[in-house]
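Shown next, in structure tokens, is the structure this report addresses.
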Amino acid sequence: MSKRDYYDVLGATKGASADELKKAYRKKAKELHPDRNADNPEAESQFKEVNEAYEVLKDADKKAAYDRYGHAAFEGGMGGGPRPGGGMHGNADFASAFSDVFDDLFGDFMGGQRGGRQRAARGDDLRYNLRVTLEEAFNGIQKTINVPTSVQCGSCSGSGAEGGAEPVQCPTCSGMGKVRATQGFFTVERTCPTCSGLGQIIKNPCRTCSGSGRVQRDRALSVNIPAGVETGTRIRLGGEGEAGMRGGPPGDLYIFVEVTPHKIFEREGRELHCRVPVSMTVAALGGDIEVPTIDGGRSRVKIPSGSQSGRQMRLRGKGMPGLRQPGHGDMFIELAVETPVNLTSRQKELLKEFESLAEDNNPESTSFFKSVKNFWDSMKG
């Protein structure tokens with residue numbers, strides 16, 4: 001059976017460039033891959049034919065010979081290419097070709113470029129929980145924190161090698177950072193177990209850090225807590241996390257803020273709430289009172305006459321600032337009318353006189369309360 005023209009096999013023209021041939025090859029390889037054509041018994045042979053064609057046309061010398069002599073260039077000892085009748089020079093050649101298409105098709109899932117070593121490992125990110133008072137959250141504050149972390153080893157400057165010696169090429173992966181295992185049609189690529197993908201090993205590790213390039217230390221860091229933070233606010237300090245292995249870049253430090261409860265104020269977003277005690281006379285007659293504010297000052301509030309417990313009043317702009325936002329929220333006070341205790345005889349007489357006058361001014365209300373009192377007295381009897 002005569003062999004098909006290699007250019008026809010790839011679906012390319014005879015004058016196609018190397019990039020055009022590769023593009024045509026990848027398209028055909030994806031189309032005819034056996035894993036995608038389980039129901040097509042001829043897919044495997046066609047897939048091999050595509051690989052055979054590309055093995056010749058991707059090589060400049062073989063391509064020139066093929067362009068001049070066709071398939072005859074590789075028959076009768078004229079070359080070391082594919083054997084007549086299709087098929088590769090044994091399983092090793094096919095595995096090599098399959099490895100190439102495997103790289104082209106799935107290279108992105110295997111970590112990028114073929115055989116590319118990994119960069120030095122980035123350090124881990126760290127978390128630090130920081131408590132602040134409500135006043136500190138209102139004003140903002142600069143705090144110094146001590147963070148236990150890994151820092152670059154000073155003895156080896158992070159290289160991990162004793163005396164500043166340079167790492168040497170890993171003998172297992174020849175500096176590529178990856179190793180391959182071929183079984184049949186499949187090639188599996190994995191991180192080199194000897195160098196952990198770095199492509200280098202240290203023959204004489206640093207005695208201080210045991211070759212890791214970092215040591216444990218407590219670091220003092222100054223942190224700016226902006227005004228308006230609340231519980232759950234996260235502040236990122238780039239590059240302040242753990243140092244990377246063997247000179248790798250450091251991770252980040254994340255500070256999680258917790259605002260502690262306040263004795264007077266309760267916070268809801270940018271609003272503040274508090275209960276303010278008011279004497280019975282001020283609630284009845286009206287008057288002015290002073291209430292504390294979160295900024296440490298005091299504000300004068302006018303209480304209307306006849307105010308009852310639970311009445312809310314608003315102080316505009318006396319609440320919390322927004323995080324990196326202009327303006328402040330409002331403060332709400334809730335009146336709590338106090339009943340006098342430990343009355344003197346004179347005070348009791350005055351209250352009784354007040355009650356008598358109240359009966360004359362509002363007989364219906366007084367009659368109602370007397371009926372309630374008589375009812376409870378009868379229940380007790």
Side-chain angles (χ1 to χ4, degrees), residues 131-140 227-233 257-377 379-380:
R131 286 188 170 187
V132 297
T133 65
L134 188 62
E135 287 85 357
E136 291 172 337
F138 175 83
N139 294 304
V229 295
E230 53 188 313
T231 297
T233 298
V257 177
E258 178 187 353
V259 181
T260 57
H262 198 273
K263 293 181 179 180
I264 298 176
F265 300 104
E266 291 185 5
R267 179 181 184 180
E268 292 183 6
R270 298 206 299 176
E271 294 178 353
L272 290 177
H273 297 261
C274 69
R275 286 174 58 88
V276 178
V278 179
S279 68
M280 183 180 67
T281 53
V282 171
L285 302 176
D288 293 339
I289 63 171
E290 286 189 344
V291 295
T293 53
I294 190 62
D295 59 3
R298 302 183 74 84
S299 290
R300 182 171 294 275
V301 179
K302 185 175 183 61
I303 306 299
S305 61
S307 295
Q308 304 294 317
S309 287
R311 179 169 183 170
Q312 284 197 344
M313 306 183 71
R314 180 197 298 245
L315 299 181
R316 296 188 180 277
K318 294 297 183 179
M320 295 292 292
L323 182 60
R324 300 184 181 90
Q325 296 178 357
H328 290 67
D330 299 332
M331 172 179 163
F332 293 86
I333 63 173
E334 181 180 330
L335 303 183
V337 179
E338 293 183 323
T339 302
V341 295
N342 301 322
L343 299 176
T344 64
S345 298
R346 177 58 178 159
Q347 288 172 328
K348 291 179 181 179
E349 289 177 2
L350 291 173
L351 285 176
K352 287 179 180 179
E353 183 179 350
F354 171 77
E355 181 182 19
S356 176
L357 293 172
E359 291 177 1
D360 295 337
N361 292 335
N362 193 359
E364 292 183 0
S365 176
T366 303
S367 176
F368 170 76
F369 284 110
K370 280 187 175 181
S371 299
V372 173
K373 183 177 183 301
N374 292 335
F375 171 77
W376 285 110
D377 288 342
M379 292 293 290
K380 292 178 182 177

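Hydrogens, waters and symmetry mates are skipped; everything else that's a heavy atom, side chains included, is used.
Residue Asp295 comes nearest to Thr293 through the heavy atom pair OD1-OG1, 2.5 Å, listed as atom of the first residue, atom of the second, then distance. Nearest heavy atom pair, residue Arg270 against residue Gly327, reads NH1-O, 3.5 Å. Of all non-hydrogen atoms in Lys302 and Pro304, the two that sit nearest each other are O-CD, 3.5 Å.
For Arg131, the salt bridge (Lys or Arg N to Asp or Glu O under 4.0 Å) test picks out Glu258, with sequence neighbours left out.
No side-chain N or O of His273 forms a donor-acceptor pair with one of Gln312 less than 3.5 Å apart.
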Steps toward salt bridge (charged side-chain N to carboxylate O under 4.0 Å, His left out) verdict (Glu349, Arg346): CA-CA 5 Å; Glu349 289 177 2; Arg346 177 58 178 159; 3.5 Å; yes

Can you list the steps and then say if Thr344 with Gln347 is a side-chain contact (heavy atoms from CB on, under 4.5 Å)? CA-CA 5 Å; Thr344 64; Gln347 288 172 328; 3.2 Å; yes

For a side-chain contact (heavy atoms from CB on, under 4.5 Å) check, start with the C-alpha distance between Thr260 and Val132, then their side-chain angles and the critical distance, and finish with the verdict. CA-CA 6 Å; Thr260 57; Val132 297; over 6 Å; no

Applying side-chain contact (heavy atoms from CB on, under 4.5 Å), run through Val259 and Thr133 and close with a yes or a no. CA-CA 6 Å; Val259 181; Thr133 65; over 6 Å; no

Report the C-alpha separation of Val276 and Ile289 in whole Å, then their side-chain angles, then the decisive distance to 0.1 Å, and conclude whether the side-chain contact (heavy atoms from CB on, under 4.5 Å) test is met. CA-CA 9 Å; Val276 178; Ile289 63 171; 3.7 Å; yes

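Between Leu350 and Glu353, the closest side-chain pair of non-hydrogen atoms falls below 4.5 Å. In this structure the side chain of Ile303 reaches within 4.5 angstrom of the side chain of Met313, judged on heavy atoms.
From Phe265, atom CZ reaches atom CD1 of Ile294 across 5.0 Å, with rounding to the nearest 0.5 Å. Within the model, atoms CG of Asp330 and CZ of Arg314 stand 4.5 Å from one another, a figure rounded to the nearest 0.5 Å. Taking NZ of Lys263 as the start and CG of Leu134 as the end, the distance is 13.5 Å to the nearest 0.5 Å. A distance of 9.0 Å separates CG in Leu285 from CE in Met280, rounded to the nearest 0.5 Å.
The backbone N or O of Glu268 lies less than 3.5 Å from no partner atom in the side chain of Glu271, so there is not a single donor-acceptor pair. Proximity of a side-chain donor or acceptor of Ser299 to a complementary backbone N or O of Val291 within less than 3.5 Å is not detected. Judged by distance alone, with hydrogens and angles left aside, the side-chain atoms of Glu230 form no donor-acceptor pair with the main-chain N or O of Gly228 at under 3.5 Å.
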Donor-acceptor pairs under 3.5 angstrom involving side-chain atoms of residues 315-322: please list them, not counting sequence neighbours.
none

Pair up each side-chain donor or acceptor in residues 331-340 with any protein partner under 3.5 Å, not counting sequence neighbours, and list the distances.
from, atom 1, to, atom 2, distance (Å)
Glu334, OE2, Arg275, NH1, 2.9

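The environment of CD in Gln325 is crowded: more than 12 heavy-atom neighbours from other residues, nucleotides or ligands sit within 6.0 Å.
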